[in-house]
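We use all heavy atoms of the structure for the numbers below, so side chains are in, but hydrogens, waters and symmetry mates are not. Since this is a predicted model, take the numbers as computed values, not measurements. Convention: sequence-line order gives letters A, B, ...; per-chain numbering from 1.
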Amino acid sequence: MSAPATAPTSPGIAHPRSETRPPSGGWRIVAAKELADHLGSTRFVVLFVVLGLAGASAVYSVSQQIVSVAAGVRSTESLFPLLFTLSASDIAVATQQSANTPLPSFVALISLLAPLLGIAFGFDAVNRERSERTLPRLLAQPIYRDDVINGKFAAGLAAIGIALGAVLVVIAAWGVIQLGVIPTAEDVARIVVWYVVAIVYIGFWLALATLCSVVMRRAASSALVAISAWLIVSLFGGLLISTVVGLLAPVSASPTTAEVIANGHLQDALTRISPDGMFQIATQAILDPHVTAGILTIDQRVAVAQQGVAGSILSLDQSLLVVGPQVLAIVALSVVCFALAYIAFMRQEVRA
Amino acid sequence: MVTQASPLAERGRDSTLEPVIEARRLTKRYGARVAVDDLSFEVRPGEVFGLLGPNGAGKTTTVLMLLGLTEPTSGEARVVGVDPMRDPLEVKRHVGYMPDTVGFYDGLSARENLAYTARLNRIPRAEAAERISDLLAQVGLAEVAAQKVDTFSRGMRQRLGVADALLKDPSVLILDEPTASLDPEGVVELLALIERIALERRIAVLLSSHLLDQVQAICQRVGIFYRGRLIAEGSVRDLASEGSRTQDVVEVGAQASDGHPAGVDLLTAALRGTPGVASVAPDPDAPGRVLVTGAPGIAGALTSALAATGLHPVHLRTHEERLDAIYARLVHAAAEAPAAAPEGRTVSLAPAPRRSIRRAPGRAGHRRPERSDQDGGNADRSNRDGGDHDRGDGHDHRDDDAGGPR
């Protein structure tokens with residue numbers, strides 16, 4: 001039915017009857033407000049500083065190492081991304097030097113800390129509106145209900161993108177100065193692709209935290225649950241996976257090929273469902289053009305062994321091909337998680 | 001609709017206008033619990049309608065259904081001629097809503113909070129700035145416009161809530177418990193503000209409250225809402241005087257010159273002959289007091305009559321505007337069989353409610369006995385509750401009122 005036509009026109013009452021009907025785009029208004037809140041918030045500043053310091057120290061230590069073994073490094077075709085993917089101890093091991101810093105690589109640090117970014121911008125997205133009692137007032141404005149959650153999610157992603165992007169650019173620039181090597185176009189492209197994948201991965205954590213904020217009334221419990229999930233996946237995930245694999249597909253003292261393959265399959269399968277595992281695989285493949293057996297699944301390893309292409313250098317599109325499934329899985333995880341938060345929010349009663 | 005329109009009810013009410021809020025047999029169930037049961041009412045432009053009832057009666061649920069924020073289980077609503085379930089955006093574009101315990105973003109200033117609302121309503125920036133300044137001045141918050149809302153008192157927040165609801169220049173204003181948890185001064189201020197707005201802008205105002213005395217002053221019509229059902233509807237006068245609008249009922253208590261309370265007999269003797277007095281009867285609720293029925297404004301004559309016989313009035317209260325007593329009785333009556341209600345009371349509405357008060361359709365007689373038959377336990381409980389309420393309320397207010405300004 002055409003609403004404005006059936007509406008009564010009362011003399012003496014100034015109807016703000018809109019000339020146009022612009023119901024769409026409400027999420028942009030919500031997102032703009034939320035993003036402004038994020039950027040001005042203490043938590044943004046704190047996370048930005050933490051991320052920047054962690055990244056800077058990792059890159060600083062590794063660049064020192066790279067410079068000190070510069071002769072060996074010169075032969076590498078794609079030097080620049082090593083700044084991000086190697087840790088100082090990696091080089092120390094490779095060159096039999098003693099590592100003076102036990103710091104992990106930049107990307108390892110980021111993949112560890114990234115979920116925190118997502119959680120920080122999502123854990124109180126909806127329940128804060130409830131505790132401040134602004135939700136009924138917000139929903140009584142002429143916007144759709146999903147504009148609220150869409151806008152909040154978009155604002156969270158934007159805040160994350162800004163934080164991570166700024167850190168990445170600053171550190172890359174600083175790395176250029178430290179190394180004295182200008183990145184090639186492909187290096188830049190690899191880093192940009194990695195940045196996008198990282199945003200999607202953090203988007204998963206943002207969606208998870210948003211889901212918590214919809215389901216849980218208190219911001220504190222929502223944050224605790226989201227952080228627990230982060231700890232389990234990021235810190236104990238690998239441990240859990242190897243325990244389960246060891247139990248379900250044990251490799252005997254004199255392993256048969258079947259045993260090793262079964263073990264590898266299970267390991268791959270479990271890593272594939274761990275968002276952290278998938279992101280690490282994707283990171284390595286995207287930033288490191290060398291096909292190292294470590295990043296490939298057992299099937300790919302078999303294929304590589306058969307075709308004898310081990311040790312060759314992949315171009316970016318080939319690298320992406322290798323980790324396509326992982327990247328897709330990360331995207332799917334984020335979408336599913338956001339969909340859950342969306343549905344939960346849409347079905348919830350406005351009243352607490 | 002109201003059988004006998006009163007001058008008060010006519011103030012600002014124009015029955016030729018289409019109703020801007022219409023509820024038709026609205027029902028909302030949460031599982032087995034019925035929050036709103038077959039509710040029908042309408043509000044016309046320029047009218048202040050009070051939806052009155054105790055906490056948990058279903059007032060907020062009703063409001064949320066009108067806004068399309070909650071889906072009715074059955075029945076339908078029309079707000080500005082639109083079904084809120086079908087086109088919630090159109091409804092929300094024209095309805096200013098202040099939720100109960102309205103909240104604002106504490107980290108933002110009053111002006112910034114309103115600016116966000118303006119953006120959500122797609123009000124152009126320049127126009128929004130102007131409207132915000134106007135409204136903040138109207139609600140008396142112009143000086144603190146730039147202050148963060150977390151420094152605001154409750155009363156300031158409520159007033160900011162009114163400004164927020166008015167920002168979209170609504171044709172309907174819905175205020176959910178606007179006076180709850182305000183101090184007396186804040187209540188007076190806020191109600192004056194709402195009344196002024198209703199008069200100036202000639203918009204329909206739907207007001208929900210459990211504080212009857214506070215809102216009756218500004219409501220042209222009220223609906224008494226109890227356990228999800230509308231048990232009575234009409235102007236305060238209709239409800240109060242049950243058709244005897246030409247009469248006042250005054251409750252009188254007095255002291256003899258020796259300081260002892262004057263008995264019922266003494267009072268009756270003193271007041272019976274006063275011009276304008278139709279009848280004097282003992283007050284069944286308060287021993288030692290009488291109920292005097294007489295011409296409107298009889299209270300003054302009664303005071304003189306008492307003085308003439310050497311009695312000092314200690315209690316003088318005109319009944320007809322006392323919504324709380326009516327309300328308590330109606331709620332009481334809704335919770336028990338009609339026969340149990342006290343008889344012979346001028347203001348008691350329970351025995352013969354249908355003469356002047358429009359009841360919700362299908363509600364009046366037949367259901368209530370059923371209720372008490374079937375839900376024996378429930379009815380018992382509510383009887384007790386209702387009784388307590390009645391007594392407690394009545395006494396409190398009487399004490400407050402003794403000697404106080406009307």
Legend entry - Region of A/Arg145 in contact with chain B, defined by heavy-atom distances below 4.5 Å: side chain

Inset, instruction - Anything under 30° is parallel, anything over 60° is perpendicular, the rest tilted; go ahead and classify A/Tyr201 against A/Phe279. - result: parallel

Inset, instruction - Quick one: which of B/Val79, B/Val95, B/Asp164, B/Ile123 has the most heavy-atom pairs under 4.5 Å with chain A, could you say? - result: B/Asp164

Legend entry - Atom of A/Pro275, atom of A/Val233 and distance for their closest heavy-atom approach: CG-CG1, 4.0 Å

Inset, instruction - Give the ring-plane orientation class for B/Phe41 versus B/Phe49, where under 30° counts as parallel, over 60° as perpendicular and anything between as tilted. - result: parallel

Inset, instruction - Go through the atoms of B/Pro88 and report whether side chain, backbone, both or neither lie under 4.5 Å from a heavy atom of chain A. - result: neither

Legend entry - Partner of B/Met156 under side-chain contact (heavy atoms from CB on, under 4.5 Å), chosen from B/Val139, B/Leu141, B/Thr151, B/Val149: B/Leu141

Inset, instruction - Taking the six-membered ring of A/Phe345 (Phe, Tyr or Trp), confirm whether the NZ or CZ of A/Lys152 is under 6.0 Å from its centre and within 45° of its axis. - result: no

Inset, instruction - With a 4.5 Å cut-off on heavy-atom pairs, point out which of A/Thr134, A/Leu139, A/Leu135, A/Asp37 contacts chain B the most. - result: A/Thr134

Legend entry - Electrostatic pair B/Asp100-A/Arg133, nearest N-O below 4.0 angstrom: no

Legend entry - Partner chain A: residue of B/Thr60, B/Asp176, B/Leu67 with the largest heavy-atom pair count (under 4.5 Å): B/Thr60

Inset, instruction - Of all the heavy-atom pairs spanning B/Thr179 and B/Gln158, show the shortest one and how long it is. - result: N-NE2, 4.4 Å

Inset, instruction - Please flag which part of B/Tyr30 lies under 4.5 Å from any non-hydrogen atom of chain A: side chain, backbone, both or neither. - result: side chain

Legend entry - Contact winner vs chain A - B/Thr117, B/Asn113, B/Val91, heavy-atom pairs under 4.5 Å: B/Thr117

Legend entry - Atom group of B/Leu108 that falls short of 4.5 Å from chain A, counting heavy atoms: side chain

Inset, instruction - For chain B, find which of A/Arg137, A/Glu129, A/Glu132 contributes the most heavy-atom pairs closer than 4.5 angstrom. - result: A/Arg137

Legend entry - Contacting moiety of B/Leu64, where chain A heavy atoms sit under 4.5 Å: side chain

